[in-house]
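Below is one structure; the comments refer to it alone.
Since we're looking at a predicted model, the values are computed, not measured. Computation of the quantities below employed the complete heavy-atom set of this structure, encompassing side-chain atoms and omitting hydrogens, waters and symmetry-equivalent molecules.
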Amino acid sequence: MSFRFRGGAGGIQFFLEICVRCRSINLDDDLILCLFDVHLEFQFFSFLGSYDLWIEPNASSGMGVADHCKCTFLELQRKKAHRYVIFRIDEKKNEVVVEKTGNPAESYEDFTSALPENDCRYALYDFDFVTSENCQKSKIFFIAWSPATSRIRAKMLYATSKDRLRHELDGVHYEIQATDPTEMELEVLRERVY
């Protein structure tokens, strides 16, 4: 699909062309992914010459991010109100939402047991540790949980929406992509911070 516009005023003329192509990928008998290629050409010219402006984003569709996701992240980051936050995609609302939070006293085992065995999730974990200089510190981990047993549809949906959520979470120190529990054991977090 393409749109073309021409116009002009005061000695300046312009030409704008927008081309949109959409591709759909069908997995698990459900339509799960639409890829949009957008090409935008804007050309304007005056008595002094002509100029071209090209904008060519190529973005795949991803879910939006609910406002309370960022608020909950800031509560974890600044107020230490949560030990962890688990996010899920709400397909009815077409956005990422907060599914569960853990209070500061909860352990890493509480966090990992809160993740579903057969479905994808995003999560934040506030990891406290003591440095070799005996200083108490904390680092925030973003975990993309995509177990091997989850449906292909869920894996694709979470993969295409991850960057949008990560963009909203300014201040995350480390990212882990895990397909089974061994890839996100507590020792893995320790190795990253030391």
Side-chain angles (χ1 to χ4, degrees), residues 27 32-33 57-91 93-194:
L27 298 172
I32 74 132
L33 182 63
N58 185 355
S60 58
S61 67
M63 295 291 173
V65 178
D67 292 338
H68 70 278
C69 291
K70 188 162 187 178
C71 294
T72 306
F73 166 68
L74 292 174
E75 290 171 359
L76 178 143
Q77 181 188 39
R78 296 180 181 166
K79 299 179 182 177
K80 304 293 183 189
H82 313 293
R83 173 63 57 198
Y84 63 85
V85 181
I86 296 174
F87 303 95
R88 71 175 177 83
I89 290 177
D90 185 333
E91 293 186 62
K93 294 181 178 178
N94 286 329
E95 63 184 9
V96 178
V97 298
V98 173
E99 180 178 60
K100 181 174 174 40
T101 59
N103 69 58
E106 290 193 49
S107 68
Y108 191 71
E109 290 73 27
D110 295 328
F111 162 63
T112 56
S113 64
L115 293 170
E117 289 182 24
N118 300 314
D119 202 1
C120 302
R121 291 294 185 271
Y122 306 117
L124 294 171
Y125 186 79
D126 190 10
F127 179 63
D128 291 333
F129 63 101
V130 178
T131 67
S132 55
E133 294 84 23
N134 206 28
C135 295
Q136 183 73 33
K137 295 222 173 184
S138 82
K139 297 288 182 184
I140 299 172
F141 280 81
F142 177 86
I143 299 169
W145 171 241
S146 182
T149 54
S150 61
R151 294 187 314 152
I152 294 173
R153 178 179 192 280
K155 290 178 186 178
M156 292 292 292
L157 195 56
Y158 276 78
T160 58
S161 302
K162 183 183 72 138
D163 288 343
R164 193 175 231 176
L165 175 62
R166 280 287 282 118
H167 181 72
E168 297 291 328
L169 307 177
D170 186 29
V172 169
H173 301 103
Y174 300 103
E175 181 174 326
I176 294 176
Q177 302 214 16
T179 58
D180 71 70
T182 61
E183 295 176 343
M184 53 178 276
E185 289 178 340
L186 193 55
E187 193 56 39
V188 174
L189 276 64
R190 285 195 186 102
E191 288 173 3
R192 295 290 293 274
V193 299
Y194 290 115

From [atom1] ([X]) to [atom2] ([Y]), nearest 0.5 Å:
{"X": "T182", "Y": "E187", "atom1": "OG1", "atom2": "CD", "result": "13.0 Å"}
{"X": "Q77", "Y": "H82", "atom1": "CD", "atom2": "NE2", "result": "12.0 Å"}
{"X": "C69", "Y": "L124", "atom1": "SG", "atom2": "CG", "result": "9.5 Å"}
{"X": "K162", "Y": "H167", "atom1": "NZ", "atom2": "NE2", "result": "14.5 Å"}
{"X": "T101", "Y": "F73", "atom1": "OG1", "atom2": "CZ", "result": "15.0 Å"}
{"X": "I176", "Y": "M184", "atom1": "CD1", "atom2": "CE", "result": "7.5 Å"}

Please check if the side chain of [X] supplies one atom and the backbone of [Y] the other of a donor-acceptor pair under 3.5 Å.
{"X": "T112", "Y": "P181", "answer": "no"}
{"X": "H173", "Y": "I140", "answer": "yes"}
{"X": "H68", "Y": "V97", "answer": "no"}
{"X": "W145", "Y": "P116", "answer": "yes"}
{"X": "K155", "Y": "A148", "answer": "yes"}
{"X": "T131", "Y": "C135", "answer": "yes"}
{"X": "E106", "Y": "G102", "answer": "no"}

- Cut-off 3.5 Å, side chains only: do S113 and E109 have a donor facing an acceptor? no
- Give a yes-or-no answer on whether the side chains of N118 and T149 include a donor-acceptor pair shorter than 3.5 Å. yes
Report yes if the side chains of [X] and [Y] come closer than 4.5 Å at any heavy-atom pair, otherwise no.
{"X": "I89", "Y": "S161", "answer": "yes"}
{"X": "R166", "Y": "V172", "answer": "yes"}
{"X": "F87", "Y": "L165", "answer": "yes"}

- Task: Report the C-alpha distance between M63 and L157 in whole Å, list the side-chain angles of each, state the deciding distance to 0.1 Å, and finish with yes or no for side chain to side chain contact (heavy atoms under 4.5 Å, CB included).
- Result: CA-CA 8 Å; M63 295 291 173; L157 195 56; 3.7 Å; yes
- Item | Test log, rule side chain to side chain contact (heavy atoms under 4.5 Å, CB included), inputs R88 and D90 | CA-CA 6 Å; R88 71 175 177 83; D90 185 333; 3.8 Å; yes
- Message: Assess the residue pair R151 and C120 against the criterion (side chain to side chain contact (heavy atoms under 4.5 Å, CB included)); give the C-alpha distance rounded to whole Å, side-chain angles, the decisive distance to 0.1 Å, and a yes or no.
- Response: CA-CA 9 Å; R151 294 187 314 152; C120 302; over 6 Å; no
If you take all heavy atoms of [X] and [Y], which pair is closest and at what distance?
{"X": "Y84", "Y": "K100", "answer": "OH-CE, 3.4 Å"}
{"X": "A123", "Y": "L115", "answer": "CB-CD2, 4.4 Å"}
{"X": "V193", "Y": "Y174", "answer": "CG1-CE1, 3.7 Å"}

Looking at [Y] and [X], is any side-chain nitrogen of the basic one under 4.0 Å from a carboxylate oxygen of the acidic one?
{"X": "E175", "Y": "R192", "value": "no"}
{"X": "D128", "Y": "R83", "value": "yes"}
{"X": "R153", "Y": "E91", "value": "yes"}

- Query: Does the ring centre of F129 sit less than 6.0 Å away from the ring centre of Y194?
  - Reply: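 Ring centroids of Y194 and F129 are less than 6.0 Å from each other.
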- Query: Hey, do the aromatic rings of F141 and Y125 have their centres closer than 6.0 Å?
  - Reply: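 Not close enough - the centres of the two rings lie 6.0 Å or further apart.
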- Task: Apply side chain to side chain contact (heavy atoms under 4.5 Å, CB included) to the pair I143 and F111, showing each step before the final yes or no.
- Result: CA-CA 11 Å; I143 299 169; F111 162 63; 3.8 Å; yes
- Relative to the ring of Y158, is the ring of Y122 parallel (under 30°), tilted (30 to 60°) or perpendicular (over 60°)? tilted
